[in-house]
Amino acid sequence: MSNKPSEYRLSTQGLTKHYPGTIACQDIDLTIQPGEIHALLGENGAGKSTLVKMIYGVTAPTRGQIFWEGRPVVLRSPAMARELGIGMVFQDFALFESLRVVENVALALPKREPHRVLAKRIQTVSERYGLPIDPEKPVGSLSVGERQRVEIVRSLLQTPRLLIMDEPTSVLAPQAVERLFETLRQIAAEGCSVLYISHKLHEIRALCDRATVLRQGRVTGTCTPADETAGNLARMMIGQALPVVNRPPSKVADVALAVNTPRISSGDEHEVGLEALSFSVSRGEILGIAGISGNGQGELLRLLSGERLAPSADAIRINGEPVGQYGVAKRRERGMAYIPEDRRGQATVADLPLTDNATLTAINTQPITQYGLMRHAAIQAFTQRCIEIYQVVCSGSQAPARSLSGGNLQKFVVGRELLQMPQLLVCAQPTWGVDVGAAAFIRQKLLDLRSEQTAIVVISEEIEELFEISDRIAVIADGRLSPIRSVADSSYEQVGLWMSGLWDSEGALNA
Amino acid sequence: MLDWPIRIVRRDRPLARMRYLSPLMAIVLMMLTGMLIFLALGRDPAEGFYTFFIRPISSLYGFGELLLKATPLMLCGIGLAIGFRANVWNIGAEGQFMLGAAGATGVALTFPNLPAFLLLPLMVVSGALAGMAWGAIPAWLKTRFNANEILVSLMLVYVAGFLVSWLVFSPWRDPMGFGFPQTEMLSSAALLPRILPGTRLNIAIFLAIALVAITWIVLQHTAIGFRLRVTGRSRSAAGYAGFSIQRAVWIGLLCGGGAAGIAGMTEVAGPMGQLTDKIALGYGFAAIIVAFLGRLHPLGVLLASLLMALLFLGGEQVQQHMNLPKSISMVFQGLLLFYLLGADLLVNYRLKWNG
Amino acid sequence: MDSGLIQEVVSATLLAGTPLIIAALGLLMNERAGVLNLGAEGMMSLGAVYGFIAALSFSSPVLGLAAGLMAGALVAGGFALLTITLQANQVASGLALAIFGVGLAGFVGKPYESQSLKAVGEWSIPLLVDIPWLGPIFFQQQPMVYLSWVLFGAVWWFLYRSRSGLLLRAVGEDPAAAHAIGRSVVGVRYLAVIFGGALCGLGGACLSIFYAPMWVEGLIAGRGWIALALVVFATWRPFRVLLGAYLFGGVLIAQLFLQGSGVKISVPSQLLSSLPYLATIIVLVLISRDSRRIRQHSPASLGRAFRADE
């Protein structure tokens, strides 16, 4: 392979980014050819997003050089990158909800253009690439899939020569993924390069021409993904074979959580209404709930955790006791524990030390207060136990939560909740953004807890994870919960299909 | 980022030392700016500095005045710090102070014959209750109607001013007072005993210090303090842990109002000796700065109240000796808070020279 | 009441509401960009005092207005440096500005307290003033009333019809997204804050040059805070600012009128004087109780600092 940058649409040489205390990217050499779909593969925390931020001008490299069509360039801002012809579709969308689609597009374009003309252009591009959108609709009223289309169309209107897609399929149902791939292939066929970021091996093997694999901030290989087995790619990505968890058969006992709620309408346009729910979870089993984010998971979690009260007391029962009208603290006193999705902003307070963060929920169940006074020694002991048993890497119990890496913080949160010996555990995305080793550790701890006769509800967007640990599985789509099936009786494909809300028609199909 | 000569770079962890250094930096910067102001006014900066910062405390009497002025500042400041910790922005301490003064005066005028050991505690309680009642209005409107507590508590300062003005113009006006808007002088049983001969210092300073100490214990060592700390840092973590934000609003405003009310009591039962329509001298607003400068920490509030008291005395001194308007002390107060907020950048960021 | 009296009261109401409109329009733009500046009271005070001094020294109300505008813009620039570049807490910085501004205005204005300006006459708009009954109310006013209308039109046009206004709204809603699509959040916010300060200064200058016309410590009397409340009441929309400001003007005039009318009423004057402040509270409560509406209209990033990664 030649190393002359001039042949490439974009290339980097020795691109390095150091943050205080961590090396995010080290000596990255990356080459992208014109018209190629190039995968950037790596675990969470491998340095993919830092690399992309440097290419898109968001972050300045510590050293190293970026070449654009053979010329060395210094990208000081996204504006400069866009001027060169680099477009980006963000994972969490850079869109303005209160503005209409056409206004969102107008803001990103360099020149002023009458909205009527622009709306026409949007329509043309969206038809050409099979990305139907209505330019006059406010973005706030669009689904996540539609928002992604807006972002893609917005990038395409600037006729980019490199389009960066950051984990684009995490918000899409499996069928929509196939449609997206067709669009991307069409874009590439017209000469635009695509840098496709993902950690999903099968997608990369299906779509990409070449792949650059990152691990711990370094390039561990470049390959043609279609020629490699998934196992080979995984080894390049994590440096070992995928760890497996030990899952003993379940011993189901009596019901710990029973939910029976009527329809709950949404509070405002940012919320999803929940249809009537009726399900129960027994001690010693894990119920997995799959679904694409933004389909009512947040609302369901708030309902189960007590952050939002149920319409009546007996709508939710813990060990038979009606708790629907109880808030978080009272439910915790009755044996509930809860691991939310957002570990930085919600499960912990970034500026406070781990001792305070342990106290946050332990205050409800552990003997760490007396006559309203804090027992600092008991808090210290509990925190220390959590750090040791859950292998939390930190500078000590006084370390502020913000100083922990994502994986270690999540281990700390899991440890804090599990050490309280809950009878019911509600958890969301327990391994999201966590490296493979820590993810396997956390899943094993959940399975161990199940063996100790705890009832567990896991809400996750990762189907593989749910199949690995759940006993029964259901899907939430648009605020509706599908029928619950035993994991043994379901398949990835079926759950994937259900994620679009299509379980009603299935009975008819099977009949 | 742009190629400016200095860049602001986030530290990988906050520099704890800076939390204590930045108030000191702010004080130095304020003093330097103060001298520049004197220079700009064509005055000798050394004389200005001496008159403002040294002269007020160069005598025993001055020292007594410093502690006397620090008392209401400490009381208001500690109350505000409790609320600010929970992100409850009570900026109406000035009004709560006036209500407290009025509440205490009401008791003193109603029971002129009670002995001091009964009357004074009763005045403290009624002052605190009146201040709390005034603080309860924004708390109720916030928790019930989501009305912004900053604006409501501030509006109530003006209303409190008119209320006190009505009291001293109409029902409580001293009939022998030549028509001045003031009550009669309180009986000696209603006055706080003085503790240092040759000064006007009274026992209220002990009350203030005791309240600071109690607050310290509550904030650092109780579950209530812990919950307030969490609520102030992260609403969503508080919701997750089941800590009530509504309750934090009530605690913040009631503590702020109660403490300011007690401060109002110490003013009528101390240096003023009566209620007038000029009872509030800006302690309630200055206390906002006291709370910030003291890092919302009780010990810090104690120290900051002394400094802020010095600024009040300095303002009076330059008015008296250099013939400059007293409001210069508010200029100094504002500058001090500006510099403090600017210097706080260095807690989480460091400056890096682009070489 | 006879018709002439009603004319007089309505006309005075428009006049009393005008400084509030000007200041609140500035604050509205400021907040639409996502920055909360609680220092309005300080900026108005400084605008009033410097405006008054300039108008007096140069015998020119126009130069006075310019001086007030610049004073407001200057301190707002300091506020912007503190909150946007140095990332200081916006609430605390705003309070500092309020305290500093009120204090400095009192300090600077002391020697001018006994002096007075010549009142500026009314301007009649030809033809329009001849509209029966309404003409004299709306079109025989002090120039600052017309100025406020022009500013209202300009702000409305900017926000809803111009591309820059679209950018301003976008930055206020989601600065991270604006940065991601290559827009300068810092630049937009600086300009918005300085514009807000300039209009607060101008509003203060109108008060001391046209309305009062004099300077005395405490002249602003909470109007800066009321202007802040007005922006909330208006749910960040210019037309409602106009409406709200005239409502307050009405309350202000009504209480003055009642106090001065000699009509024997059994209400203490202090209660009347506190009416504008009580009205502010009531209006805030009425508008805020619908928290959904507030959330829907308030700039989503209001009060939160933005910092791009480095």
Side-chain angles (χ1 to χ4, degrees), chain A residues 18-22 57-60 74 76-77 301-302 305-308 326-333 336 338-352 355-357 359-364 368-376 379 395 398-403 413 416, chain B residues 1-4 7-19 84-87 146 214-248 251 295-297 344 347-352 354-355:
Chain A
H18 292 180
Y19 285 110
T22 50
V58 177
T59 300
V74 178
R76 289 209 188 82
S77 68
L301 281 167
R302 280 201 288 283
S305 68
E307 284 167 284
R308 178 182 191 160
Y326 289 166
V328 178
K330 281 194 168 173
R331 292 191 198 183
R332 281 184 175 276
E333 283 162 16
M336 183 200 74
Y338 171 34
I339 300 170
E341 178 180 349
D342 177 8
R343 67 195 66 123
R344 290 245 180 245
Q346 195 179 2
T348 59
V349 184
D351 295 329
L352 294 181
T355 44
D356 278 353
N357 276 299
T359 312
L360 197 61
T361 64
I363 199 167
N364 293 301
I368 55 176
T369 59
Q370 198 171 26
Y371 314 117
L373 291 175
M374 313 284 282
R375 295 178 55 209
H376 295 288
I379 293 170
S395 63
Q398 290 305 311
R402 94 158 60 248
S403 68
V413 171
R416 177 185 71 194
Chain B
M1 291 277 93
L2 299 173
D3 269 344
W4 286 0
R7 279 200 316 164
I8 300 165
V9 183
R10 196 177 180 98
R11 296 183 196 273
D12 47 338
R13 68 171 46 184
L15 188 60
R17 199 167 65 236
M18 220 36 236
R19 292 220 174 89
F84 290 177
R85 276 196 172 215
N87 257 342
N146 193 34
I214 292 169
T215 308
W216 190 352
I217 292 168
V218 170
L219 289 181
Q220 304 295 327
H221 298 288
T222 69
I224 296 171
F226 175 74
R227 291 194 168 102
L228 286 177
R229 194 153 72 227
V230 169
T231 310
R233 306 247 177 172
S234 167
R235 294 254 148 152
S236 69
Y240 162 69
F243 303 164
S244 161
I245 288 163
Q246 309 257 340
R247 191 195 292 180
I251 291 176
R295 311 265 76 158
L296 309 184
H297 188 288
D344 271 352
V347 174
N348 286 311
Y349 296 89
R350 64 198 165 84
L351 302 179
K352 188 178 161 194
N354 275 349

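Protein chains get the first letters and strands the later ones, always in sequence-line order, with residue 1 at the start of each.
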Exercise. Is it the side chain or the backbone of A:I363 that comes within 4.5 Å of chain B heavy atoms, both, or neither?
Worked result: side chain
Exercise. Which bit of A:T348 comes within less than 4.5 Å of chain B, counting heavy atoms only: side chain, backbone, both or neither?
Worked result: backbone
Seminar exercise, completed: With sequence neighbours left out, the residues meeting side-chain hydrogen bond (donor to acceptor under 3.5 Å, both in side chains) with B:R233 are none
Problem set entry | Within 6.0 angstrom of B:I224 CD1, more than 12 heavy atoms from elsewhere | no
Seminar exercise, completed: Residue from A:E307, A:R375, A:R331, A:K330 scoring the most non-hydrogen pairs under 4.5 Å with chain B is A:E307
Exercise. Any donor-acceptor pair under 3.5 Å linking the side chain of B:Y240 with the backbone of A:L360?
Worked result: no
For this session: Please flag which part of A:N364 lies under 4.5 Å from any non-hydrogen atom of chain B: side chain, backbone, both or neither.
Result: side chain
Exercise. Under a 4.5 Å heavy-atom cut-off, does chain B meet the side chain of A:R332, its backbone, both or neither?
Worked result: side chain
Exercise. Any sub-3.5 Å donor-acceptor pair from B:S234's side-chain atoms to A:G345's backbone N or O?
Worked result: yes
Problem set entry | A:D356/B:F226 under side chain to side chain contact (heavy atoms under 4.5 Å, CB included): CA gap, chis, key distance, verdict | CA-CA 8 Å; A:D356 278 353; B:F226 175 74; 3.7 Å; yes
For this session: Among A:T361, A:T369, A:V349, A:T359, single out the residue with the greatest number of heavy-atom pairs under 4.5 Å to chain B.
Result: A:T359
Problem set entry | Residues that A:R344 engages under salt bridge (Lys or Arg N to Asp or Glu O under 4.0 Å), provided they are two or more places apart | none
For this session: Identify which of B:A238, B:A241, B:G225 forms the greatest number of heavy-atom pairs closer than 4.5 Å to chain A.
Result: B:A241
Exercise. Under a 4.5 Å heavy-atom cut-off, does chain A meet the side chain of B:R235, its backbone, both or neither?
Worked result: neither
Problem set entry | Check against side chain to side chain contact (heavy atoms under 4.5 Å, CB included), B:Q220 and A:M374 | CA-CA 9 Å; B:Q220 304 295 327; A:M374 313 284 282; over 6 Å; no
